[in-house]
Structures are given as structure tokens and as C-alpha cells.
Amino acid sequence: MVVFDEKKHCPLCKTQNLVKFISFGKMPVANAFLKPSELQKPGFVEYVYNMDVGFCENCNMVQLINIVPYAKYIVPDETGKTHYAFFSSTSVAMQEHFADLAHEVEQRFLDRNPKVLEIGSNDGIMLKSFLNRRNVLGIEPSQNVAEIAQQQGIETITQFFSEQLAKSIVLSRGRFRVVLSTNVTLNIIDLHDLMRGLNALLDDNGVFITEDPYILDILEKTSYDQIYDEHIWYFSLTSLSNLYRMHGFEIFDAERQWVHGGSMRVYACKRGTYPKTQRFLQLLEQEKQKGIDTINPYIQFAENTAQSKKELQNLLLHLKSQDKKIVGYAAASKGTIIQNYCNVGREILDYISDSTPYKQGLLSPGKHIPIVSPEHFHNDKNVDYALLAAWNHAAEIMKKETDFLARGGRFIVHYPKARILEPEFTGGDNVIKQYAQIEQSINSTTANSNTFINNLPSEVKNTFSDIRIKPLKLFSDEQGYLFETLRQDDELFDGKFGQVLVSVLYPGVIKGLHRHSKQTDYTTCIKGNIKYVVAKEKAGGSREADFKTFVIGETNPILIKIPPGYWHGYMVLGGEKAIILHTMDKTYNPQEPDTDEISPFTFGDVWTIKDS
């Protein structure tokens, strides 16, 4: 809900400008799973806190107002060993992602000083990818995950990072060229202590690389489940720049990433060390255009979050009224937030399936839903639906659960709207491919109009620089739903209107390829789903082209703007017809059609669905 009260103290800029814009109510610690025996202990009270979120109108930092102490989620066992509930290497996709980052660091920054340090190194998922492990050092306060890294030959200090620790490391090992922090900086309570430590630790050409959930992705996707106790700060490039400026640092490069449902990779250095890249300056300008330094987008987020809660509750209650069996899939922190905020307890979910042995046999925080092994889930043939908590790993999960899908089981997600995921194809690999393609498209296009450009090879980026994407927001209630397509005040709209056309396409038909020399098209799919292909022909007359594909429709509601000069076309995904809405900036003139047409296979087979 939207909450306005007296402005509070911002611990970052030390001013009284922190405005609370949303309250999730009482919330347990997201990863504080319980033993059933704990509930039987006399006087046992589960720890909860008020999960309120604020925006500082001075330094522009979004932050939790009530901070949970580290000791509530990094907990020692009977022997005194500290435990953390998440092992990064359980995700194959994340292993590949961090291996790519390690390779980039080696190629781009390591020359005379090859030393790399990672803050929050977990089980060594990234540091193990560096070619010379003798030059890497991990900082990881949780002993259970640090031991996994140490067993792989990765030197790891089991302490919290601090200025004091940084200075002691410099005395014994010297300064480092690169310090990494992925999905960790947002967890650090004292960011000023972190910055002082970095100032001592990095050499003169040192680089601090972070990768954390990006506030624009959270706002635009209404992914409120990214907010929980460990995540204290929610960064924009604007707010990070303000923090770094306080300590003589600055951002010189940035790049959006798909991980964790949408993250920003940020490259920072001591002021004046590296020139600022054009992509960083463009991303910073986009934030300004979206008003990220004002309270307005956060008020809208609060309203969208309340609507999302209502949609999910209505969907789950409707399915239960039909005697459907629903379980949870993945005992993730995201799931804890969804269950407690949306009041989804054991009356809705029979159990939660999770592959982490540590969690099996425990109860979920707050709602106390039993956590079972994947084998239990696979053997339970009565499950109709599974509420997917780890939606950011959807493609990877689909590879594991083809049997569940093949026998009619379906996954439910709350993002970007509460819905049942319907496979567009039947049969093992095709189910996986479709889900993977949809997830990839959502991750690469709903964040903002230029996200997909950053994921292309560098030589192709400029080719598609003027393609624009608009995510379509759905507004629903018990009567139905509606969504806007194109508005006169949309940033991507040039202000010229010609006509609107609705086309219906049957399965198996490919529409295109065609292009216009003068006309701009704005296209969305309002019923069903389509694969939309955009191609830019290379110079020289060789009939070669760079191309990009999108999934557009009910699974990924977006509007795409295609300027003149691009070949484009589309085909239906699945076995049902699709209804496509076209808005053009010019009226059609049959005497001068302004349309060139070629075979859809002129540039090869870009239509057959391939492995993601």
C-alpha cells in the first residue's frame, strides 16, 4: 500500500529526506527456515519486522527503513559454524554467467597487477573461473559456503568485509586491481565503511565491479519480491553516482544484465582514472527521463504492487474453489515475500519443492509450509499447479520439469501479472524451448527500449539502435482486464498518425518479410503469441542481414516500433490463431504502397524455434 508520513533520517546522506512509499507489513526473515520442532518449543516467537521501503529525495537512494541485523540470517549452528541458506553454484546458468564475467575481467583489466578480490564470494562460483586461482581471494562470512570454495583451492577469508579487514589485507598481500561484488553490495549495511575499504584496497588503476538488482527493472516489472531483509539498498545509476561521489569514486561504465530478474553491472574507479563510456551516459540519461530521481515512479510502483497482490490472490482462490492441488516450487527468498505479503499459506500450498538438501524437511518462514525434495514433487501425480518462486530461472526449471508439463501440470507466476504459464507446444524439448524463448524475450525487452541492444554483439548494436520497445501494463480486476497500447505522450511515438489495422494470423502462416521506405510501424499482439523477426540488410547486395527476434503477445505484452528500412515479419507461436494490432504513421495508398516484399527465408531459416 502507498504510505506517506513524516520524512525520516537517511543513513546514507545523513539528511531528513527519506520518504516511505510502500509498506509490506510484518515480514519474517526471507531465508530463516524453521525446524518443525522449533514451533513446539515453549515461548518460541518467530522474528518479524516491518518491511517498509523509502526513497531519499536528497541522495535518491531507495532503501529499507527498518534494517534486519546480519545475525538474523547468517546463523551459527550448535558448533558455532555460521550458515547461509543459498549456494550460488546450484544454478548452471549462473555458473556460465559468472564465468563470462571472469573472462571479461581477465581480458579487460588485468595487466601488470593480476590480483582479484571478491566480496561475498559464496561457494566460489566466480573465482573458480579465473585461470590463475593463486591471484584470487574471496571474502565470505558464511562458513558453510566458504568451505565449498576452499575445497576447490580458492583462498577464502570467513569474515565480513570492512575497512579494517581491507587494510589488513593490503598489509599482507598488497593492493588489488579488481574488486568484485555480485548481488552483495545491496546487502551491506554500512556503505561508507565499504567505500573506505575499497579506497584502501584498490591500486591506482583499480576497478570496483558490482552487479545488483536494478531499481528500474523492479519498478517496471513490479517485481516486489526482490525486496526483502537482506536487500537493504535498491540501486539506480543516479543513486550510486551520488554515493561514489562522496568518496572520490565515479562510475565509468554500466551494462544491464538478465540475472536475478534484471540487474545492472556497474564499473567504478577512483575519479578520473577511466573515461566514461557512451552506454553508461545513455543509461544515466534514461533514468533522468523516467524520473528516477523523483518520488513519482515509486508511488506508481506501490499501486502496481497492490494490484499484483490482488490478482494473485484471486487466481489462487479461484483454482482452489475448483479443488485444484497447488504446491510451491523453489523455497527461494522471493517465495517468502510472495507467500507472506499475499497471505498464501498451507490452505493454498500443500508443500514447497526445493532441490537444496539443507532446506528439505524444514518449514518456510512465516507461513510454515513444509519443504520437500524434488523427488516428492515428481512422485506426486495429483499436483495440478506449482507456484513458481524462482521465476528468474524459469528456462532452467523447465528443463527439469518436462514430465510435469507433459502430464498437464502448469506453473503459476505473479510477474509481470498473475497468470498460468501455458506451453505453446506439446512434447519435451519444444516445451523447454518455448519457455526459454519467452523468458529470454521478457528479460531482454520489458526492462526498457534499449535493453536488447546491449545483448547483441558490439558490431551489431548500432544496426538496431532505433528499434524501440514499450512494455504494456495490464490493469485487471474481477470483471476482466485492459491494457493501453500506444499513447500520444509515449516517448517512442513520433506524433504522426496514419491508420490502425487489425490482422488475424492462423498457425503455420509466416507473414513477411516486408519493409517500408517511409512508414513507421507500431505493432503488438493482443491475442495469442507471435514470433516477430526484425532484419537489417547488410550493404553490398549479398542478401545477408543481421536480425533480432522477439516473442510478443499474452506471455510477453510489448509494443515494438519499427522505423523505415527494416525488414520485418512474424509467425504464430502455438496452435491457436493470433490477433495483431498495427498502428502506422501513414495511411495506406494502393497507388503508392511503400512496401517491398521478399521471401521469409531470404536470409535463411530464422523461423524454426531453436535451443536458447
Side-chain angles (χ1 to χ4, degrees), residues 2-24 49-68 70 119-120 161 181-199 208-220 223-224 226-251 254 256 260 262-268 271 280 283-302 305:
V2 182
V3 179
F4 297 102
D5 55 13
E6 184 179 349
K7 292 183 180 181
K8 301 180 182 298
H9 176 75
C10 172
L12 204 65
C13 65
K14 313 299 184 185
T15 68
Q16 203 75 13
N17 285 288
L18 183 59
V19 179
K20 179 166 66 175
F21 62 87
I22 189 169
S23 176
F24 291 87
Y49 68 104
N50 289 316
M51 198 169 87
D52 302 333
V53 190
F55 167 76
C56 180
E57 293 181 315
N58 182 58
C59 67
N60 307 138
M61 186 66 76
V62 178
Q63 56 197 273
L64 288 185
I65 292 175
N66 302 302
I67 297 176
V68 176
Y70 291 139
I119 302 172
F161 183 83
S181 169
T182 59
N183 207 35
V184 170
T185 302
L186 77 168
N187 301 344
I188 296 176
I189 294 176
D190 190 347
L191 291 180
H192 294 299
D193 183 74
L194 166 70
M195 297 306 301
R196 290 192 296 267
L198 290 170
N199 196 39
F208 180 44
I209 303 174
T210 61
E211 195 172 271
D212 294 290
Y214 184 39
I215 188 61
L216 267 185
D217 283 298
I218 295 173
L219 295 177
E220 293 178 345
S223 50
Y224 61 84
Q226 295 274 31
I227 300 171
Y228 62 99
D229 51 278
E230 294 178 35
H231 291 180
I232 302 164
W233 315 99
Y234 302 87
F235 300 125
S236 62
L237 293 172
T238 302
S239 63
L240 269 181
S241 294
N242 291 334
L243 168 65
Y244 290 162
R245 192 178 299 113
M246 299 176 197
H247 294 273
F249 278 66
E250 65 183 2
I251 300 171
R256 296 186 79 162
H260 299 297
S263 299
M264 180 67 81
R265 182 178 295 169
V266 181
Y267 305 75
R271 189 175 297 138
F280 162 60
L283 289 166
L284 199 61
E285 178 61 26
Q286 287 172 14
E287 289 188 356
K288 183 178 180 181
Q289 292 175 3
K290 292 177 182 294
I292 208 70
D293 56 347
T294 72
I295 191 66
N296 297 331
Y298 306 103
I299 295 173
Q300 184 62 55
F301 169 77
T305 297

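In this chain, residues are counted from 1 in sequence order.
- The distance from the CG atom of Leu237 to the CG atom of Asn242 is 11.0 Å, given to the nearest 0.5 Å.
- Atom OG1 of Thr15 sits about 14.0 Å away from atom NZ of Lys8, to the nearest 0.5 Å.
- In terms of the side chain to side chain contact (heavy atoms under 4.5 Å, CB included) criterion, residue partners of Leu186 (sequence neighbours excluded) are, by chain and number, Asn183, Asp212, Pro213, His231, Phe235.
- Listed by chain and number, the residues in a ring pair (Phe, Tyr, Trp, His ring centres under 6.0 Å) with Tyr298 are Phe21, Phe55 (sequence neighbours excluded).
- The shortest heavy-atom contact between Ala254 and Tyr267 is N-CD1, 4.0 Å.
- Side-chain contact between Ile292 and Leu219 is present, with heavy atoms from C-beta onward closer than 4.5 Å.
- Take His192 and apply the ring pair (Phe, Tyr, Trp, His ring centres under 6.0 Å) test, not counting sequence neighbours, and it matches His247.
- When only modelled atom types and interatomic distance are considered, Arg196 and Asn199 share no side-chain donor-acceptor pair under 3.5 Å.
- Separation of atoms CG (Asp293) and SG (Cys59) is listed at 12.0 Å; rounding is to 0.5 Å.
- Formation of a donor-acceptor pair under 3.5 Å by the Arg271 side chain with backbone atoms of Arg245 is found in this model.
- Between Glu57 atom CD and Cys13 atom SG the span is 10.5 Å, to the nearest 0.5 Å.
- A side chain to side chain donor-acceptor pair (under 3.5 Å) with Tyr214 is found for one member of Glu287, Gln226, Arg265 and no other, namely Glu287.
- Not a single ring pair (Phe, Tyr, Trp, His ring centres under 6.0 Å) links Phe208 to another residue, sequence neighbours left out.
- Contacts of Asp190 classified as side chain to side chain donor-acceptor pair (under 3.5 Å), with partners at least two apart in sequence or in another chain: none.
- Across every non-hydrogen atom of Ile65 and Leu18, the tightest pair is CG1-CD2, 4.0 Å.
- When all heavy atoms are compared, the tightest approach of Tyr228 to Met51 is CA-SD, 3.7 Å.
- A donor-acceptor pair is defined here as one N or O able to donate and one able to accept, closer than 3.5 Å; such a pair exists between the side chain of Tyr49 and the backbone of Asp229.
- Applying the side chain to side chain donor-acceptor pair (under 3.5 Å) criterion to Ser223, with sequence neighbours excluded, gives no partner residue.
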